[in-house]
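Residue numbers begin at 1 in each chain, while the letters A, B, ... track the order of the sequences.
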2 protein chains.
Amino acid sequence: MKNTSRLLDNLRDKGERITDVRKAIIEILSAAPRPLSVQDLLSALKKKQLAVNKTTVYRQLEQLLFHNIVREIRFQDRSARYEVSLGDDHHHHLVCTKCHKTEDISFEEDLERQEKVIMHKKKFKVLQHSLEFFGLCASCQKK
Amino acid sequence: MKNTSRLLDNLRDKGERITDVRKAIIEILSAAPRPLSVQDLLSALKKKQLAVNKTTVYRQLEQLLFHNIVREIRFQDRSARYEVSLGDDHHHHLVCTKCHKTEDISFEEDLERQEKVIMHKKKFKVLQHSLEFFGLCASCQKK
DNA sequence: CTACATGCAAAAAATTTGCACCACC
DNA sequence: GGTGGTGCAAATTTTTTGCATGTAG
């Protein structure tokens, strides 16, 4: 809840309008236990009694990406997924390929060190990275 | 060249037929400096005077994936990319978001250690991971 | 000969675009 | 009231599927 209004303030400060749709999308993404696809978002919006067109969702996400309020992640399947990005909470994902349960993890020893090495050795300026682990969660291993 | 025939032997051993198309796809992927999309493959095949249908390419890739001969990677854009997987050469990618130049990098030790930690702490069995760095290559930084 | 490989057409799924209308500030 | 947000329909792009035909082993 707190995060949601913080993000909305953030947007307002940047001169963007606050509409019902935008607010709902941010709320849904903030509450989600895993990154959501556009389809996921559409279903969640429907549950909120907000019939939103998919085009609008795509456009909202585009803007939220631009403002670094959401982050785009691609798992192994076709569609992109989105999660709110709360500045300092950078993390990666454990994705169960069987039940699709998704968990966040963060490295003690961040990839930041690696990025510095890359910068130094390869002269490549890393702007972002994406790291996903795919496998079987504890309960799926038993099945 | 050597790799290509090794991979073909591998397939033959697994009881798969060796067709012109399959051979060409493996050759192209082996020679590619970066993971190729289906479109890339289709163009490359055309250059080889082999007019192949996209459906065939998708089906070939599906099979090569099944036999662990190619690996599927998803960058930030919509389409999937494929590269040959030579068993022990596991690596990650530096992708320039401007010129799309792609370079391989490896630092296996770290992630393997991480996978062990994950297994231990989270009881999650990691089967594969995907790590991509996006940013600007040396020459694009100057522009 | 026969099972697998291929081509073609069409469907399905994911994303983008153009244009008209609506509502936040 | 004007700019930016939204809906709708249609186009584009990527991937999948069904069926008829071809070919490697």
Exercise for the section: Answer yes or no: is there a donor N or O on one side and an acceptor on the other, between the side chain of B:D40 and the main chain of B:S37, under 3.5 Å? Expected result: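 Answer holds: yes.
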Handout entry: B:R74 side-chain N/O to A:Q76 backbone N/O, donor-acceptor pair under 3.5 Å
Key =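 It does hold such a pair.
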Exercise for the section: Taking only Lys NZ, Arg NE, NH1 and NH2, and the carboxylate oxygens of Asp or Glu, determine whether A:E103 and B:K122 approach each other closer than 4.0 Å. Expected result: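 Here A:E103 pairs with B:K122 in a salt bridge, since their nearest N and O are under 4.0 Å apart.
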If only side-chain N and O atoms of [X] are considered, is one of them under 4.0 Å from the OP1 or OP2 phosphate oxygen of [N]?
| X | N | result |
| --- | --- | --- |
| B:R59 | C:dA5 | no |
| A:R17 | D:dT3 | no |
| A:Y58 | C:dT15 | yes |
| A:T55 | D:dG7 | no |
| A:T19 | D:dT6 | yes |
| A:Q63 | D:dG4 | no |

Exercise for the section: Consider only side-chain N and O atoms of B:Q128 and B:S130, and report whether a donor and an acceptor are under 3.5 Å apart. Expected result: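 B:S130 and B:Q128 do not have a side-chain donor-acceptor pair below 3.5 Å.
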Problem - Exercise: do B:H129 and A:H93 side chains pair donor with acceptor under 3.5 Å - result: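 Side chains of B:H129 and A:H93: no pair found under 3.5 Å.
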Using atom [atom1] of [X] as one end and atom [atom2] of [N] as the other, report the distance to the nearest whole Å.
| X | N | atom1 | atom2 | value |
| --- | --- | --- | --- | --- |
| B:L50 | C:dA5 | CG | P | 16 Å |
| A:R22 | C:dA23 | CZ | P | 16 Å |
| B:L42 | D:dT15 | CG | C1' | 12 Å |
| A:I73 | C:dA14 | CD1 | P | 17 Å |
| B:D77 | C:dT16 | CG | P | 11 Å |
| A:E62 | D:dG4 | CD | C1' | 13 Å |
| B:I26 | C:dA5 | CD1 | P | 12 Å |
| A:L61 | C:dA14 | CG | P | 14 Å |

Problem - Nearest to side-chain heavy atoms of A:V52, which nucleotide of D:dT6, C:dA14, D:dG7 - result: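 Closest of the options to the side chain of A:V52: D:dG7.
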Exercise for the section: Between A:R12 and A:Y82, name the one whose nearest nucleotide on DNA chain C is closer to the 5' end. Expected result: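 Result: A:Y82.
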Handout entry: 5′-ward residue of the pair B:R74/B:E16 relative to DNA chain D
Key =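 Counting from the 5' end, the first nearest nucleotide belongs to B:R74.
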